[in-house]
Amino acid sequence: MSERKFIFFTGGVVSSLGKGIACSSLGLLLQSRGYHVTILKLDPYINVDPGTMSPYQHGEVYVTEDGAETDLDLGHYERFLNNNMARFNNATSGQIYYDVIQRERRGDYLGATVQVIPHITDAIMETMVQAGSNTQADIVIVEIGGTVGDIESQPFLEAIRQFRLREPENTLVVHLTLVPYISSAKELKTKPTQHSVMRLREIGIQPDVLLCRSDRTLESSEKEKIGLFCNVTPKHVIDAPDVETIYEVPIQYAENGFDQLVLNRLHLPLNELDFSLWRSKVERYKKVEQEVRIAICGKYVNLLDAYKSITESFIHAGMENDVKVVLKWVNAEQLNPENVDEMLSGQDGILIPGGFGERGISGKLTAISYARQNLVPFFGICLGLQCAVIEYARNVLGMEEADSTEFNPKTSFPVIDLMEHQRSIKKLGGTMRLGSYPCKLDGSTKAFGAYKAELIHERHRHRFEFNNQFRTMFDNGDFIFSGQSPDGELIEMIELKDHPWFVGCQFHPELKSRVARAHPLFREFVAAALRKKNTL
Ligand code: GLN
């Protein structure tokens with residue numbers, strides 16, 4: 001291909017319209033027509049990355065192979081495109097300003113007054129171009145976070161305006177908007193869309209395509225009206241009514257011809273669409289009737305975006321097991337030995353997700369005891385593994401004081417400690433172990449049975465880990481260290497022999513689950529939950 005194309009996605013009217021899903025879905029269709037696609041997320045906030053942001057504010061922090069802490073939309077990009085994203089697939093205003101200020105301090109601007117235009121906007125354009133050249137993509141989709149009209153996103157929009165001026169043939173703007181239905185008037189309302197497009201045009205951006213989210217399909221008269229007021233032909237007004245699952249969105253776009261419209265506008269050949277695997281997987285899953293119940297016992301259960309990748313992993317695992325996984329969100333802070341039976345009975349599996357800090361720990365330990373004693377399939381992720389180790393040490397090995405230095409810095413039994421880990425990353429100068437690391441699996445374990453491989457690679461985001469000082473005390477033939485770093489220094493996975501499925505991992509498997517391939521541990525956990533359900 002001669003020239004790289006750029007598709008910009010902006011959002012109007014309200015947030016949470018699913019811009020990330022829209023970008024991923026279009027990306028998947030273009031990929032399925034033979035194009036190499038990458039997606040860049042530009043976030044308008046000032047934090048340099050979301051690593052320090054509360055999950056309540058920002059949802060999950062998605063960690064890439066190369067150890068970047070990024071926006072959760074990158075998870076959607078990976079799950080839809082079945083490609084790894086990297087650090088350069090996400091940038092924030094904070095990061096861009098930080099780079100420009102560092103250059104200014106180095107004297108790179110040779111005495112010039114450093115300004116939003118052109119210095120910040122140039123840096124934004126550079127970020128877009130870099131994402132393309134780093135990946136050698138044919139098409140770069142750029143998702144602008146936030147909503148048109150926000151003060152923070154203005155430099156990004158200005159950069160798009162300049163980019164289009166420079167390369168009108170290679171760029172396209174898709175504006176995602178809301179067309180609400182007002183039940184008292186029994187009418188779909190186009191005014192909010194008109195206003196948000198007006199905001200875009202005021203700053204010199206005429207969108208090429210309007211992608212209209214609504215709870216129903218738009219009539220052609222409504223498309224004509226939107227087109228007329230927003231200065232596009234009705235053909236370029238695409239409706240995107242609600243669908244049952246996010247994985248249906250690409251199917252919807254394929255049906256309404258969104259991808260073809262985009263390729264035509266970019267003067268690219270249509271190529272054949274090779275999309276049948278995705279389609280059949282999603283359609284088959286929609287017909288599934290069998291259910292399995294899994295409880296997730298965590299701290300951020302009031303904001304489910306905090307566990308986005310876990311939720312999606314269960315859908316992928318459900319697809320491969322022909323079962324719908326019904327999740328019960330249990331607030332760990334409200335769980336105790338008195339109510340645990342009531343809260344967890346009837347569940348076919350229990351998962352403890354990652355987390356930080358000591359709030360909710362006693363509830364998590366209670367849930368783990370329940371799963372261990374009642375032979376309920378159990379899956380512990382990161383903090384979940386750490387809690388499983390503590391629970392076992394206290395209640396089976398008799399180390400009543402066993403603890404983590406994260407929750408109890410003065411503990412005399414730090415079975416989970418910072419020490420080992422700090423040693424392992426000292427060279428890198430960081431405080432958190434981030435990104436992909438290798439792990440060797442013991443051949444006779446459930447972990448190996450799931451992966452069917454001796455050497456695996458998984459992504460990490462943690463500070464604490466199993467304290468090697470206590471290894472021999474766990475050597476009772478039941479508690480198994482099923483995965484370790486290749487040098488044997490770090491414990492990566494544990495499991496119990498005398499239990500149908502009790503597995504913990506120090507890494508985050510949910511970050512590598514894809515529609516095309518459910519994560520082996522989620523797949524096997526769901527299979528174990530299904531076996532439990534069917535033997536009752
Ligand atoms: N808080 C724990 C640690 O830092 C676990 C982190 C996590 O679950 N991601 O090691």
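Positions are given from 1, in the same order as the sequence printed here. Owing to the predicted nature of the structure, the values given are computational and were not obtained by experimental measurement. Both counts, for ligands and for their atoms, begin at 1 and track the order of listing.
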For Gln506 and Glu465, which heavy atoms make the closest approach, and how far apart are they?
OE1-CA, 4.0 Å
If we ignore hydrogens and angles and just use 3.5 Å, is the side chain of Asn374 paired with the main-chain N or O of Val376 as donor and acceptor?
no
Taking side chain to side chain contact (heavy atoms under 4.5 Å, CB included) as the definition, give me every residue that meets it alongside His499, ordered by chain and number, with sequence neighbours left out.
Leu375, Leu496, Phe502
By ring-ring contact (aromatic ring centres under 6.0 Å, His included), Phe379 pairs with (sequence neighbours left out) Trp501, Phe522, Phe525
Partner of Glu492 under salt bridge (Lys or Arg N to Asp or Glu O under 4.0 Å), chosen from Arg459, Arg433, Lys440:
Arg433
Going by the salt bridge (Lys or Arg N to Asp or Glu O under 4.0 Å) test, which pairs reach into residues 467-478, not counting sequence neighbours?
none
Every residue of the protein that comes under 4.0 Å of ligand 1, judged on heavy atoms:
Gly354, Gly355, Phe356, Cys382, Leu383, Gln386, Glu406, Arg461, His462, Arg463, Phe464, His508
